[in-house]
Number of protein chains: 2
Amino acid sequence: MERADAARNRARILEAAALLFAEKAPQDVTMDDIAKKAGVGRGTLYRRYPDRASIAVALLDEHERDLQERLIRGDPPLGPGAPPAERLAAFYAAMVRLLEDHRHLVLGSEVGRSRFETGAYGFWRAHVRALLAAAGTPGPDALTDVLLAPLAPEVYGYQRDVLGLTPARITAALARLTATLAPGAT
Amino acid sequence: MERADAARNRARILEAAALLFAEKAPQDVTMDDIAKKAGVGRGTLYRRYPDRASIAVALLDEHERDLQERLIRGDPPLGPGAPPAERLAAFYAAMVRLLEDHRHLVLGSEVGRSRFETGAYGFWRAHVRALLAAAGTPGPDALTDVLLAPLAPEVYGYQRDVLGLTPARITAALARLTATLAPGAT
DNA sequence: CTTATAAGTGGACACCATGTCCGCATCACT
DNA sequence: AGTGATGCGGACATGGTGTCCACTTATAAG
């Protein structure tokens, strides 16, 4: 069980981190900044969160859980009941929303390889993999990660910030990927 | 023009960096390591290469130039002359080869956002964008980066190292993305 | 209420990578 | 050789990281 002061400090840390991630670039937010802003010592911070990434992951957790819940038990086309292609398109649309709403956070979650090591990626992977299997798509293992790649925070950030594309256009482009589901020849 | 000693040192640096990248993880190769191994001072190293990424980029440069040349002037289906979908598939196959042959290098080239800032990415982008335009695909701007996303080094590394997929299977999965080129409705 | 104990806290500390700076060496050209 | 300019190298300051340990506080038992 968790002690009362520990819980209080955890809340403080998350709140402080959220503010900091919102106001400046992820890599410019230092562990020291977070500790200072939260009013806790360095050791206290490191006790729970070994690095920036784990803090961002914790902050994203609830939003991701929400989407995960809707994927499993929500209404179609996001939830079960719709054809795989439509469910995939709905998933893309929902992910774009998630990325858009929490852009700074998701960028703070230490992009790069570590993205694949989070529990969330495993969930998205299982979901897409299941959709591919349901559609009878050949060789779904390799295709799954191919279809998830455009959702990498850095890709989305590039499209939004550098190219100036709108979420709607990005969603439309992603929707075209559903064409790969057809069981048709290699 | 470049002084003789400068050229000699540049060669030493690149050679040393190639060896180091080959023997340990990119983020564990420090600028100091490279300078030591190359037998040059810190200042000399920083004069040309401001960070690890730029060294890896320089090392990759020749291989990328080779592929770029073949895309522009090579035989079909890689070069001009074949239908866009076939050219895209050939491009994917060539990129997988490049990634496979220089895996450690390409991973050393500082993944994440910086990938988009390299000249090479701009080239791949222009190429794919042109193929989409030639195929009459609607909204090619957003789709271009979507189609290039699976070629991110970290994605490929994950598929190879963690999932244990073969280059052939990855290439096959990428080939399915050519289905998105059809001008057909959104 | 008091006391024991385990958990939690905070900040000082050592470490390491980064990037800069400047006196000196080396090159190219005359 | 002389000369100006370019390149070299390593010492240095800076800043972030992660650890460690003496102290404090919460909780539960007597």
Side-chain angles (χ1 to χ4, degrees), chain A residues 1-59 104-105 107-114 117, chain B residues 1-59 104 107-114 117-118:
Chain A
M1 70 164 296
E2 187 178 41
R3 252 170 58 169
D5 52 350
R8 176 170 42 84
N9 279 333
R10 184 215 304 281
R12 276 190 183 181
I13 288 170
L14 290 179
E15 187 186 4
L19 289 173
L20 287 169
F21 279 139
E23 81 188 22
K24 53 179 171 174
Q27 66 272 23
D28 291 343
V29 177
T30 155
M31 291 296 263
D32 222 53
D33 290 340
I34 299 173
K36 280 254 185 10
K37 186 119 181 173
V40 303
R42 227 176 147 54
T44 307
L45 179 55
Y46 273 94
R47 160 174 294 263
R48 276 188 250 305
Y49 304 106
D51 50 34
R52 254 191 308 280
S54 59
I55 300 178
V57 166
L59 283 169
H104 51 278
L105 256 189
L107 284 173
S109 63
E110 191 69 28
V111 289
R113 350 182 48 86
S114 68
E117 289 154 14
Chain B
M1 70 164 296
E2 185 178 41
R3 251 170 59 171
D5 51 349
R8 178 169 41 84
N9 280 331
R10 184 214 304 282
R12 278 190 183 181
I13 288 169
L14 290 179
E15 186 186 4
L19 289 173
L20 287 169
F21 279 139
E23 80 188 21
K24 52 179 169 173
Q27 67 272 25
D28 291 343
V29 177
T30 156
M31 292 295 264
D32 221 53
D33 290 340
I34 299 172
K36 281 257 185 9
K37 187 119 182 174
V40 303
R42 228 177 147 52
T44 307
L45 179 56
Y46 273 96
R47 160 174 293 265
R48 273 188 252 300
Y49 305 106
D51 50 34
R52 252 192 310 278
S54 59
I55 300 178
V57 166
L59 283 169
H104 51 278
L107 283 174
S109 63
E110 191 68 27
V111 289
R113 350 182 47 87
S114 67
E117 289 154 14
T118 66

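Because only heavy atoms are used, hydrogens play no part in the values below, and waters and symmetry mates are left out as well, while side chains stay in. All chains are named by letter (A, B, ...) in the order of the sequence lines, taking the proteins before the strands, and each is independently numbered beginning at 1.
Nucleotide D:dG15 holds its P atom 17 Å from the CD atom of A:Gln27, rounded to whole Å. Look at CG on A:Asp32: it is 14 Å from C1' on D:dT19, rounded to the nearest Å. Look at CD1 on B:Ile13: it is 9 Å from P on D:dG9, rounded to the nearest Å. In this structure, A:Arg42 places its CZ atom 9 Å from P of D:dG16, rounding to the nearest Å. One atom, OH of A:Tyr49, and another, C1' of D:dT17, lie 19 Å apart when rounded to the nearest Å. Rounded to whole Å, atom C1' of D:dA5 lies 11 Å from atom CZ of B:Arg47. Residue B:Glu2 contributes atom CD, which lies 11 Å from atom C1' of D:dT6 at whole-angstrom precision. In this structure, B:Asp5 atom CG and D:dA5 atom C1' are separated by 12 Å, rounded to whole Å.
When the nearest nucleotides of DNA chain C are assigned to A:Gly41 and B:Met31 by heavy-atom distance, the more 5′-ward of the two goes with A:Gly41. Nearer the 5' end of DNA chain C, as judged by each residue's closest nucleotide, is the contact made by A:Val40, out of B:Pro50 and A:Val40. The residue among B:Ala7 and A:Arg8 whose nearest nucleotide of DNA chain D is located toward the 5' end is B:Ala7.
Here the CG atom belonging to A:Leu20 is positioned 11.0 Å from the CZ atom belonging to A:Arg52, to the nearest 0.5 angstrom. Taken from CG in A:Asp51 to OH in A:Tyr46, the straight-line distance is 8.0 Å, to the nearest 0.5 Å. Here the straight-line distance linking atom CG of B:Leu45 with atom CE of B:Met31 works out to 4.5 Å at 0.5 Å rounding.
OP1 or OP2 of D:dC8 has at least one side-chain nitrogen or oxygen of B:Arg48 nearer than 4.0 Å.
When heavy atoms are screened at a 4.0 angstrom cut-off, A:Asp51 is found touching no nucleic acid atom at all. Here A:Thr30 lies in heavy-atom contact (under 4.0 Å) with sugar-phosphate atoms only.
Between A:Glu23 and A:His104, every side-chain heavy-atom pair lies at or beyond the 4.5 Å cut-off. Considering only heavy atoms from C-beta on, A:Asp33 comes within 4.5 Å of A:Lys24 through its side chain.
On the nucleic acid side, DNA chain C contacts chain A at distances under 4.0 Å to non-hydrogen atoms, with the end points of that region at C:dA6 to C:dA12.
Considering only the side chain of B:Asn9, D:dC8 comes nearest among D:dT17, D:dG9, D:dC8.
Annotation for B:Ala17 and B:Ile55: closest pair CB-CG2, 3.5 Å, computed over non-hydrogen atoms.
Residue-environment remark: NZ (B:Lys37) exceeds the threshold of 12 foreign heavy atoms within 6.0 Å.
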